[in-house]
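Contents: one structure, followed by commentary.
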Amino acid sequence: MTSVKTDDNATNLTVLGIETSCDETAAAVVRGPVHKEILSNTIRSQIDEHTEFGGVVPEIAARAHIEILDRIVAEAMDEAGCGWDDIDAIAATAGPGLIGGVIVGFMTAKAIAMAAGKPIVGVNHLEGHALTARLTDDLEFPFLLLLVSGGHSQFLLVRGVGDYERLGTTIDDAIGEAFDKTAKLLGLPYPGGPHVEKMAAKGDVTRFRLPRPLLDRPGLDMSFAGLKTALRTQAKKLEPVDEQTIADLCAAFQRSVSDVLAARTRSALDLFRTRHPGVKPAIVVAGGVAANQEIRTSLLAAAEEADARFVAPPLRLCTDNAAMIAWAGIERLRLGPVDDMSLSPRPRWPLDAANAGVLGAGKKGAKV
């Protein structure tokens, strides 16, 4: 295990981040924590490669990462105006995600770190999302995180770097997955989320009443598979569905999701106040679904109603990107020891697992 000399917490570090957990190939150079700067943030989407299949094909995603990652890293370094002497460490997603893509990115990061003589930091992809608001909004611990993406939907209490508690999660489909499946069911293109939102803007939200799953139960868990089934049932009753019916169904589906998230957010804020009396609560929303404007608006209203701070990083930093990985690397480097070449990537890595952020509560120096 190696260390980066930080002198104290007021020393800036410059870190190259690499992200390849799904279907975005990304590299970024970030400097911080004193003068926080995203020097570059290069992302290459694979939507074209996966559109004909209606979803991400892991083998195709891994191959695409292999073909382009070296060029993306070079572009990020050039845009940042950095040479290897300017880089203090390499941070890369080590999981969770599609294991083929994770392996490509993390093994590339290992090779760069070894060749350049730099420390390596294996970052939990979800930790990247969790800590982004500290890069963009100077947010202090503790705070609440609502992570809503194609693969994850969960409420987390973020107490510190590596110190996370999952308060609630989906018991079936993630929200982004439910959007994509709904789009496919209605004959809309992939990726489904933006197309469902676009159609919903033309729809009559009062025409169909879809369920708000689990809201009759306590806790913060969510469910979206039943909502998707209810929509399918409505659509089949009206086959063949015309464009206006598709728009109305999209509007009803989106409103149901928004209502569920807003209700659970209010409950999460109540729980936060119980856990941390005297601390003004803050709710951060991150992940690709955070780009949905109706969902953002409903969450903002829930936060304002609860006299809580609402933080939504810029859209380009809500979806998968390497700037969040580089920043998470900086956050962890400040705490002391970092990883070594024995660290292996992993497809599953719950953020609230022991030492999920490598250092647990940030003081033990334990390896992932």
Side-chain angles (χ1 to χ4, degrees), residues 16-29 40-79 90-116 120-129 149-152 173-174 176-177 179-181 183-184 188-195 287-289 291 316-326 328-329 339 341-349 368:
L16 168 67
I18 295 175
E19 155 61 21
T20 56
S21 67
C22 192
D23 61 337
E24 277 87 21
T25 309
V29 178
S40 65
N41 190 23
T42 304
I43 305 172
R44 197 271 191 183
S45 172
Q46 298 177 9
I47 288 177
D48 292 343
E49 284 88 338
H50 301 286
T51 295
E52 65 176 295
F53 303 102
V56 178
V57 180
E59 293 81 2
I60 293 175
R63 190 180 311 125
H65 290 312
I66 291 171
E67 292 173 351
I68 200 171
L69 181 55
D70 56 348
R71 186 179 355 140
I72 295 297
V73 170
E75 289 178 6
M77 292 289 287
D78 287 345
E79 182 182 340
I90 314 299
T93 298
L98 301 177
I99 190 59
V102 173
I103 288 173
V104 171
F106 196 62
M107 297 308 288
T108 298
K110 279 188 174 184
I112 293 172
M114 184 174 293
I120 188 166
V121 185
V123 173
N124 184 306
H125 174 84
L126 305 183
E127 184 169 46
H129 283 300
S149 68
H152 301 89
D173 291 351
E177 180 184 3
F179 267 94
D180 285 343
K181 289 180 177 178
K184 190 172 184 178
L188 299 176
Y190 172 84
H195 294 286
V289 180
R316 65 190 175 88
L317 297 180
C318 281
T319 53
D320 291 351
N321 66 91
M324 71 179 189
I325 302 302
D339 303 313
M341 292 297 169
S342 67
L343 181 63
S344 298
R346 61 197 69 180
R348 299 182 61 81
W349 188 2
V368 174

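Quantities reported herein were computed from a predicted structural model and do not represent experimental measurements.
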Under 4.5 Å between any side-chain heavy atoms of [X] and [Y], yes or no?
X	Y	answer
Thr51	Pro189	no
Pro347	Leu98	no
His125	Asp320	yes
Ile18	Thr25	no
Ile60	Phe53	yes

Closest heavy-atom pair and its distance - [X], [Y]:
X	Y	answer
Ala174	Ser149	CB-O, 3.7 Å
Ile99	Arg346	CD1-C, 3.8 Å
Ala91	Ile325	CB-O, 3.6 Å
Phe106	Gly122	CE1-CA, 3.6 Å
Gly105	Ala92	O-CB, 4.3 Å
Asp180	Gly193	OD1-N, 3.5 Å

Separation of [Y] [atom2] from [X] [atom1] (nearest 0.5 Å):
X	Y	atom1	atom2	answer
Arg316	Met324	CZ	CE	13.0 Å
His50	Tyr190	NE2	OH	6.5 Å
Glu24	Asn321	CD	CG	9.0 Å
Ile90	Thr108	CD1	OG1	11.5 Å
Asp23	His65	CG	NE2	7.0 Å
Arg71	Leu69	CZ	CG	11.0 Å

Any side-chain to backbone donor/acceptor pair from [X] onto [Y]? Under 3.5 Å, distance only.
X	Y	value
Ser40	Ala76	yes
Ser45	Ile47	yes
Thr20	Gly101	yes
Lys184	Gly192	no

Worksheet item: Checking side chain to side chain contact (heavy atoms under 4.5 Å, CB included) for the pair Ile112/Val73: CA distance, chi angles, key distance, verdict?
Response: CA-CA 10 Å; Ile112 293 172; Val73 170; 4.2 Å; yes

Fill in: Glu177 bridged to Lys181 by N-O distance under 4.0 Å
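Between Lys181 and Glu177 there is a salt bridge, with a charged N closer than 4.0 Å to a carboxylate O.
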
Practice prompt. Have a look at Arg44 and tell me which of Glu67, Glu49, Glu75 forms a salt bridge (charged side-chain N to carboxylate O under 4.0 Å, His left out) with it.
Written response: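 When salt bridge (charged side-chain N to carboxylate O under 4.0 Å, His left out) is applied between Arg44 and each of Glu67, Glu49, Glu75, only Glu49 qualifies.
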
